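One structure below.
In the text below, chain A, chain B and the rest are named by the order of the sequence lines, each starting its count at 1. Remember, predicted model here, so these are calculated numbers, not experimental data.
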Protein chains: 2
Amino acid sequence: MDKLTDRKKRLLEAVVDSYITSAEPISSAAIQQGYMPDVSTATIRSELAGLEEMGYLVKPHISAGRVPSSKAYRFYVDSLMQNVTVQDILTLEEEGKARIDGVESIVKEAVKVVSDVTNYTSLMVLEGVDDLIVRQVKLVGLGDNTALVIIITDGGVLKDSVITLPEGTDEGYLESACSLINGSMAGRSIRSITGGDIISGVEEFKALFDQIINLLKQYVSGGEVYVEGADKIFAYPEYRDVENVKGFLSVISQKDKLQELTSGDGVEITVKIGAEEGVKNMAVVSAKYSVSGRQIGHVGVIGPERMDYKKVIKVLTTLGKLSEEKKEDGNGKEKAGRKGSDV
Amino acid sequence: MDKLTDRKKRLLEAVVDSYITSAEPISSAAIQQGYMPDVSTATIRSELAGLEEMGYLVKPHISAGRVPSSKAYRFYVDSLMQNVTVQDILTLEEEGKARIDGVESIVKEAVKVVSDVTNYTSLMVLEGVDDLIVRQVKLVGLGDNTALVIIITDGGVLKDSVITLPEGTDEGYLESACSLINGSMAGRSIRSITGGDIISGVEEFKALFDQIINLLKQYVSGGEVYVEGADKIFAYPEYRDVENVKGFLSVISQKDKLQELTSGDGVEITVKIGAEEGVKNMAVVSAKYSVSGRQIGHVGVIGPERMDYKKVIKVLTTLGKLSEEKKEDGNGKEKAGRKGSDV
DNA sequence: ATTAGCAGTCAAGGGGCGCGAGTGCTAACA
DNA sequence: TGTTAGCACTCGCGCCCCTTGACTGCTAAT
């Protein structure tokens, strides 16, 4: 009685499936009608009792139908994951026409699309980018002993930052500093630069080096987060209860929490379900997200535990594949040759 | 009976004041106790009846105390605004030590401080920046017929963008394009550049010009929005009701709505209260926000209609003054000379 | 192993009731 | 004329009780 028989599995899927659409406790009769017309409700009941004992199902109260536990959802998505393949490519055209505008706007568009297509609140968590290769560092004097640092990497330009220079420096100083910096940083990854083994040979530039390395460190910690469609949550009846909304809002306002939730170590798709995974009465599905073949973060969806996992996983998988394909593809619309690898 | 007598005014303020802290209907007895021990509750009642008739007060039901209407709040803040002066500078030290990191992180810090100090959800709406002066435009070739455009203005660097070049261009092309572009754009405001009167004299560079102007246009539409402390809202009992939370969440997820709500034309402090102003059961207080003497957007606070306007207005005013003072000050903490500094 | 039938359980919804907070009105008073 | 005390009235709220109906678990027969 400890093992999931085949029928129990089908039953379990039936319960989860129904509950995902109805959001109300599922009775034995309902299952019989919708899924297993050839066995009696009594049989179903006894099977359900078994599943309940195993912790897959829960009864809100003794005379109510069954509701899936987190464990049930877990089972459900796990069995779902087994046949995840790149199926019919969903109409994510929008993402296809990836704009010229640099990472930020692509990301914004993507997160919007995900939210619209799935009808859940969607997330984009950009992560620290410590494996970017620094291509070039530029210093632009701004007068008043300040200069703008522009760090160009193979993944785009790190955002603007101003540093201060020692008293009384001139353009010449900037130029020599610049070439010195490029000499020791260009071509290396951010990780290795911030690793600490880089020292300006020249005492005069030490402070400058330190400032730039600090900037880089800051970027590494990264963690921009975009949330789209937060109000979509009210489409789901569980959010008539303020407590749940509270939990939801609290999660999506904590950037670090989101970061943690969406980061599956290396896995393509991560699914976190329920309180044990830090999201009471909620679920978070997330996938790696890449632009131009480089992984820059994770896209995700957050919603009720009875999320439409099928749909969500499909959408995220598709998006993931799309964004990865670009690697081969250059960033042009035509894919002739590899004449134009990444940006 | 159509005019607000002096006593009525005091009474009105008393009601709003109490309600702001208690969130419960105010009875005549409560007012007598806390504000006017020298008149009887009966008198107060008859006065309140008058105020109610004038539309300042509302009774949830016939045997309940009074609750302020939006009109009452409006009166309240208006009378408040008359004695807004720079009072005791609040401990906004955090803002003082404005970091080196450029606008973005200053803004993030500011919005966080506002939320923490006021204990409301705070907003920062960055606006289109069409009066920035373009200082310099740089083109950095990236190979593969693409180039990075870096537009340096007196307000910082506009974000990274990649453009495509005509086939078969080389460094020389970039260089001459660059100087041509700078020749016609440097020193001018974004508004005037996008105004449309700039044309590349040379046919060869026309496409390039157009792309850059398009980029600028995009920036002008601007509208970055930061929201901090969204979950603080649950500290206030009106948000036990899901409907209100719904309204709240819906407002803070609409960037354009936030933009509209916080933009008071030229006014230092804007206060929008209630449904007539687009925020049912809520209020939004906002102020201009400047960095280094340049106005870059608006900070604001959103919360229940019975917001602690005194506190909020004080905080925002102070922050506004602080950020404007920098204009005079250079951008350093010590104001000796203009020797530079910042950090 | 499955089924029909039956008794048991309990959430949800509705009506009735008493309490108490707070009002409006009226008549008396300064 | 403005203020006050007193009183009757109103109505939301919480409480209890009841009924209904949707389920289940159990048992005995197939």
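A straight line from CG of Asp6(B) to C1' of dG2(D) spans 16 Å, rounded to a whole angstrom. Rounding to whole angstrom units, CD1 of residue Ile44(A) and P of dT3(C) are separated by 9 Å. Distance, Ile26(A) CD1 to dA22(D) C1': 13 Å, rounded to whole Å. For the pair Leu48(A) CG and dT24(D) P, the interatomic distance rounds to 7 Å; values are reported in whole Å. Atoms CD (Gln32(B)) and C1' (dA21(C)) sit 16 Å apart, rounded to a whole Å. For the pair Glu47(B) CD and dT1(D) C1', the computed distance is 13 Å after rounding to whole Å. As a whole-Å value, the separation of Leu57(B) CG from dG22(C) P is 15 Å. With rounding to whole Å, Asp38(A) atom CG is found 18 Å from dA1(C) atom P.
At the phosphate of dG22(C), neither OP1 nor OP2 sits under 4.0 Å from any side-chain N or O atom of Thr41(B). Using a 4.0 Å cut-off, no side-chain N or O of Arg45(A) falls inside it from OP1 or OP2 of dG5(C). Contact between the side-chain N/O atoms of Thr43(A) and the OP1/OP2 oxygens of dT2(C) is not found at any separation under 4.0 Å. A sub-4.0 Å separation between OP1 or OP2 of dT10(D) and a side-chain N or O of Lys59(B) is absent.
When each of dC10(C), dT3(C), dT4(D) is scored by its nearest atom to the side-chain atoms of His61(A), the top-ranked nucleotide is dC10(C). Taking every side-chain heavy atom of Arg66(B) into account, dT23(C) is the closest of dA4(C), dT3(D), dT23(C). For Ile62(A), the side-chain atoms get nearest to dC10(C) when compared with the rest of dT23(C), dC10(C), dG25(D).
Counting all heavy atoms, side chain and backbone alike, Val39(A) lies closest to Gln32(A) at O-NE2, 2.8 Å.
Taking 4.0 Å as the cut-off between side-chain N and carboxylate O, Lys280(A) and Glu305(A) do not count as a salt-bridged pair. Salt bridge status for Glu277(A) with Arg74(A): present, with a side-chain N to carboxylate O gap under 4.0 Å.
With rounding to the nearest 0.5 angstrom, the CE atom of Met54(B) is 8.5 Å from the NZ atom of Lys71(B).
In the interface, the side chain of Ser63(A) is paired with the base of dC10(C) through a donor and an acceptor atom under 3.5 Å apart.
At a threshold of 4.0 angstrom between heavy atoms, the contacts of Ala42(A) include nucleobase atoms, whether or not backbone atoms are also involved. Among the heavy atoms of the strands, none lies under 4.0 Å from Ser46(A).
If you check the side chains of Lys232(A) and Ser115(A), you find a donor sitting under 3.5 Å from an acceptor.
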